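The structure appears right after this line, and notes come after that.
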Amino acid sequence: MADILYTYKNQVYANITNKCDCSCTFCIRSLKDSVGDAETLWHQKDPTLEEIKTAMDNFDFTGYDELVFCGYGEPTCALDILLTCAKYAKEQYGLNIRLNTNGLCNLYHGRNIVPELAAVIDSVSISLNAPTAEQYDAVTRPQFQNAFPALLEFASLAQAAFAHTQLSIVDVLPADEIAKCQKIADERGIYLKIRKYS
Ligand code: SF4
């Protein structure tokens, strides 16, 4: 069975689904089967709510104050389970909750789910990936049309709803594209995290 909880660089992560509405050219899933101390992050079948709760109950959260929903898939594609597990982790173990997302969840679900997320999640990191819709579509290959404007709209809604919201890119982008991404973030008052590519 695939790992549901795993640790990487002093953070604990929840890998709740392998579903995703993108097919990013850089996705780590196409390079290796696991991250950190996980043996594999590929689920033969996505875990049930009870299996995720059991994984939490069996995990020693000593020394961790945050649980990050981020695995081999887009956590918001398993929305009901994400919301229930985030609430459980917060109430049962006093953890802050972070969501790492591609930011397309409102498009995927056909409604604004930010209020539902904000009720149980403290901070959100949204993968911006590129400064224009054309570049975004080329690199993330989303299932939907108009993914980039939907991502930006989600980011603005998130900024107003969560204690902390950030957009993220990797440092391999050319300097002019990083500057354009910085402008997108600044215009919305959102912090831009420039991650080191690994
Ligand atoms: S959104 Fe994340 S999980 Fe989905 S293909 Fe892109 S990098 Fe992979």
Side-chain angles (χ1 to χ4, degrees), residues 2-9 11-36 38-47 52 67-83 85-86 97-110 113-114 117 121 123-155 157-158 162 165-173 177-178 181 184-185 190 192-198:
D3 293 83
I4 295 172
L5 296 184
Y6 65 100
T7 62
Y8 177 62
K9 293 186 178 172
Q11 287 272 5
V12 56
Y13 295 88
N15 173 44
I16 63 169
T17 182
N18 287 153
K19 290 194 202 85
C20 187
D21 47 353
C22 287
S23 177
C24 300
T25 55
F26 56 82
C27 185
I28 195 166
R29 302 190 301 179
S30 58
L31 299 176
K32 53 186 192 171
D33 290 337
S34 68
V35 174
E39 280 182 23
T40 177
L41 293 175
W42 286 114
H43 299 295
Q44 287 183 347
K45 183 165 130 337
D46 274 1
I52 300 169
L67 177 63
V68 185
F69 284 85
C70 169
Y72 270 23
E74 165 55 42
T76 59
C77 288
L79 183 61
D80 289 347
I81 282 185
L82 167 65
L83 296 174
C85 292
I97 307 296
R98 174 152 64 97
L99 168 66
N100 288 0
T101 178
N102 62 18
L104 303 185
C105 45
N106 286 353
L107 201 54
Y108 183 85
H109 291 285
I113 65 165
V114 169
L117 296 172
I121 289 168
S123 60
V124 175
S125 181
I126 306 160
S127 300
L128 179 60
N129 291 319
T132 68
E134 293 71 24
Q135 287 165 301
Y136 179 85
D137 286 348
V139 80
T140 67
R141 301 182 292 190
Q143 279 177 12
F144 304 106
Q145 305 248 314
N146 299 320
F148 193 66
L151 180 164
L152 296 181
E153 187 187 10
F154 174 79
L157 292 168
F162 294 93
T165 298
Q166 69 179 29
L167 288 161
S168 78
I169 57 173
V170 284
D171 63 358
V172 294
L173 290 183
E177 291 184 25
I178 290 178
C181 290
I184 287 171
I190 303 173
L192 180 70
K193 170 95 175 172
I194 305 173
R195 291 184 293 110
K196 209 166 175 40
Y197 183 74
S198 60

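Just follow the structure's listing: the first ligand is 1, and inside any ligand the first atom is 1. This is a predicted model, so every value here is computed, not measured.
Partner of L128 under the side-chain contact (heavy atoms from CB on, under 4.5 Å) criterion, chosen from L151, I190, V170, L173: L151.
For residues 123-142, there are no salt bridge (Lys or Arg N to Asp or Glu O under 4.0 Å) pairs, not counting sequence neighbours.
The set of protein atoms (N, O or S) found at less than 2.8 Å from atom 8 (Fe) of ligand 1 reads C27 SG, by chain and number.
Distance screen at 4.0 Å: atom 2 (Fe) of ligand 1 has no protein heavy-atom neighbour inside the cut-off.
Using modelled atom types and a 3.5 Å distance limit, the side chains of T17 and D46 yield a donor-acceptor pair. Looking only at atom types and distance, the side chain of N102 has a donor-acceptor partner in the side chain of D21 under 3.5 Å away.
In this structure the side chain of L31 never reaches within 4.5 angstrom of the side chain of F26, judged on heavy atoms.
Residue-environment remark: CD (E39) stays at or below the threshold of 12 foreign heavy atoms within 6.0 Å.
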